[in-house]
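A quick write-up on the structure given underneath.
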There are 2 protein chains.
Amino acid sequence: MARIRNRKNETRKEVITAAAARLFREKGFSATGMRDLALEVGVEAASLYNHIRSKAELLQDICFRTANLFTSQLNELETDASLDALQKTESVLRHHIRMWVKCPDLMLVMNNEHKNLEEPYLSTFMNERRLYVRRLEAIMDEGVKHGVVRPIETYTAVLSLLNVVRGIEFWHRTKKNISAETLEENMVKLFIEGLRKA
Amino acid sequence: MARIRNRKNETRKEVITAAAARLFREKGFSATGMRDLALEVGVEAASLYNHIRSKAELLQDICFRTANLFTSQLNELETDASLDALQKTESVLRHHIRMWVKCPDLMLVMNNEHKNLEEPYLSTFMNERRLYVRRLEAIMDEGVKHGVVRPIETYTAVLSLLNVVRGIEFWHRTKKNISAETLEENMVKLFIEGLRKA
DNA sequence: CCTACCGATCGGTAGG
DNA sequence: CCTACCGATCGGTAGG
């Protein structure tokens with residue numbers, strides 16, 4: 001029994017989740033009503049429940065599926081022996097930049113609204129995030145040890161990397177006259193040059 | 001008629017506002033109920049209204065009073081002829097770091113919850129923020145022109161500066177074994193070295 | 001996918 | 001600062 005798909009080949013549930021991400025971003029999870037969401041999708045509120053289990057489930061989907069896009073990139077990267085630690089760091093940074101450029105709704109909801117997750121999802125999410133940070137730290141530590149990264153407190157550097165890219169939200173709003181590619185190159189240069197051992 | 005103050009010399013309204021900032025940070029503005037706030041302060045919900053006008057007013061206070069701490073620092077800095085543009089940038093960065101270290105609740109609520117402001121406050125806030133960004137851009141542009149800042153797209157650099165420091169939220173949670181001073185020096189070095197003309 | 005509706009909770013007020 | 005309470009709105013369900 002094939003699911004009904006729209007022109008963009010999305011199932012009804014995917015349409016609802018994308019609309020939810022947009023609204024959760026704009027108004028916040030808690031301030032977004034199921035009636036707002038229904039209006040956005042073009043049905044009555046009660047009809048949403050034929051496709052989703054609850055409002056909470058929408059947030060879980062958004063947070064965990066987005067987080068997985070980062071974990072899986074890191075999985076591939078860690079096993080790549082052709083890159084040194086600074087190159088790996090740059091690759092992670094570029095992945096973050098591209099995600100912020102491509103799907104700011106998902107990134108903002110994951111970053112700002114995950115606190116609305118219910119247990120046990122909240123704890124799982126926080127643990128996954130902590131682990132991700134530690135893995136990045138390990139890469140940078142290796143870079144310092146091998147002399148490609150300036151001797152710096154790598155914990156601070158990881159926190160900085162994860163957050164510099166949040167400026168892209170602002171860039172999205174104003175668009176400016178600068179392309180996504182230029183933005184990426186500028187951010188990479190700024191950050192990686194701050195990191196590179198002279 | 002002197003207002004009643006507690007041991008920390010805070011008026012009742014100040015106590016309520018500080019508690020509100022903590023809750024708005026933890027749960028978000030919309031998910032925080034006046035009954036939650038009342039519980040935190042130790043009174044009944046109805047009693048809060050002897051000190052504040054509305055829930056919305058609490059958010060306005062937090063957002064605008066915090067924003068003003070940045071505008072006034074910038075006002076002083078701009079008229080200081082003894083500093084070059086890179087030194088001014090460093091001074092702004094240090095101010096941001098110290099604010100995130102000192103009052104993370106205010107910083108997080110201002111940054112994540114200002115979207116819940118009602119008009120005309122929302123527009124006023126967004127305009128003030130846009131202006132602040134432009135003033136920082138002007139400082140960095142001057143730095144590029146005078147050859148103290150690496151020739152980079154300064155808009156990107158400003159967005160980066162405003163956001164690198166958000167990592168401090170994470171630092172607060174874990175504490176690690178690194179002091180606020182070390183954190184500040186690390187962040188400043190990382191960012192300013194990325195900016196400085198070689 | 002809709003109409004009709006539920007119990008719970010929301011921000012806030014009246015009156016003392 | 002409290003008790004008592006209001007209308008509105010919330011997420012979600014029943015039944016078709």
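Order of the sequence lines fixes the chain letters, A, B, ..., with proteins taken first and strands second; residue numbering starts at 1 for each chain.
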Quiz prompt | A:Lys115/B:Glu26 ion pair, N-O < 4.0 Å | solution = no
Self-check item: Note, B:Met99 side chain near B:Leu69 side chain (heavy atom, < 4.5 Å)
Solution: yes
Counting only pairs under 3.5 Å, give me each side-chain donor-acceptor contact of residues 153-162 of chain B, with atom names and distances, residues two or more places apart or in other chains.
| from | atom 1 | to | atom 2 | distance (Å) |
| --- | --- | --- | --- | --- |
| B:Glu153 | OE1 | B:Tyr155 | N | 3.4 |
| B:Glu153 | OE1 | B:Thr156 | N | 3.3 |
| B:Glu153 | OE1 | B:Thr156 | OG1 | 3.3 |
| B:Thr154 | OG1 | B:Asp141 | OD1 | 2.6 |
| B:Tyr155 | OH | A:Thr174 | OG1 | 2.7 |
| B:Ser160 | OG | B:Thr156 | O | 2.8 |

Quiz item: Counting only N and O atoms by type, is there a donor-acceptor contact under 3.5 Å from the side chain of B:His95 to the main-chain atoms of B:Ser91?
Solution: no
Quiz prompt | Selection residues 62-72 of chain B - residue pairs positive for side-chain hydrogen bond (donor to acceptor under 3.5 Å, both in side chains), sequence neighbours left out | solution = none
Quiz item: Should the pair B:Phe125 and B:Phe64 be assigned to parallel (<30°), tilted (30 to 60°) or perpendicular (>60°) ring geometry?
Solution: perpendicular
Exercise. Give, ordered by number, those residues of residues 38-65 of chain A having at least one heavy-atom distance below 4.0 Å to an atom of DNA chain D; if nothing qualifies, reply none.
Key: A:Ala46, A:Tyr49, A:Ser54, A:Lys55
Practice problem: Determine whether B:Asn111 and B:Trp100 make a side-chain contact, defined as any pair of heavy atoms from C-beta on separated by less than 4.5 Å. | Solution: yes
Self-check item: Range on DNA chain C touched by chain B, heavy atoms, distance below 4.0 Å
Solution: C:dC10 to C:dT13
Quiz item: Taking atom types as modelled and ignoring hydrogens, do the side chains of A:Arg135 and A:Asn75 form a donor-acceptor contact shorter than 3.5 angstrom?
Solution: yes
Practice problem: Indicate yes or no: at least one non-hydrogen side-chain atom of A:Leu122 is less than 4.5 angstrom from one of A:Met126. | Solution: yes
Practice problem: Look at all strands and tell whether B:Ser30 reaches a base, only sugar-phosphate, or nothing, counting heavy atoms closer than 4.0 Å. | Solution: nothing
Practice problem: Return the stems involving DNA chain D, sorted by first number, where pairs are Watson-Crick (N1-N3 with N6-O4 or O6-N4) or G-U wobble (N1-O2 and O6-N3), both under 3.5 Å, and runs are 3 or more long. | Solution: C:1-16 with D:1-16
Name every donor-acceptor pair, under 3.5 Å, that has one atom in a side chain of residues 186-198 of chain B and the other anywhere in the protein, sequence neighbours excluded.
| from | atom 1 | to | atom 2 | distance (Å) |
| --- | --- | --- | --- | --- |
| B:Asn186 | ND2 | B:Thr182 | O | 3.1 |
| B:Glu193 | OE2 | B:Arg196 | NH2 | 3.4 |

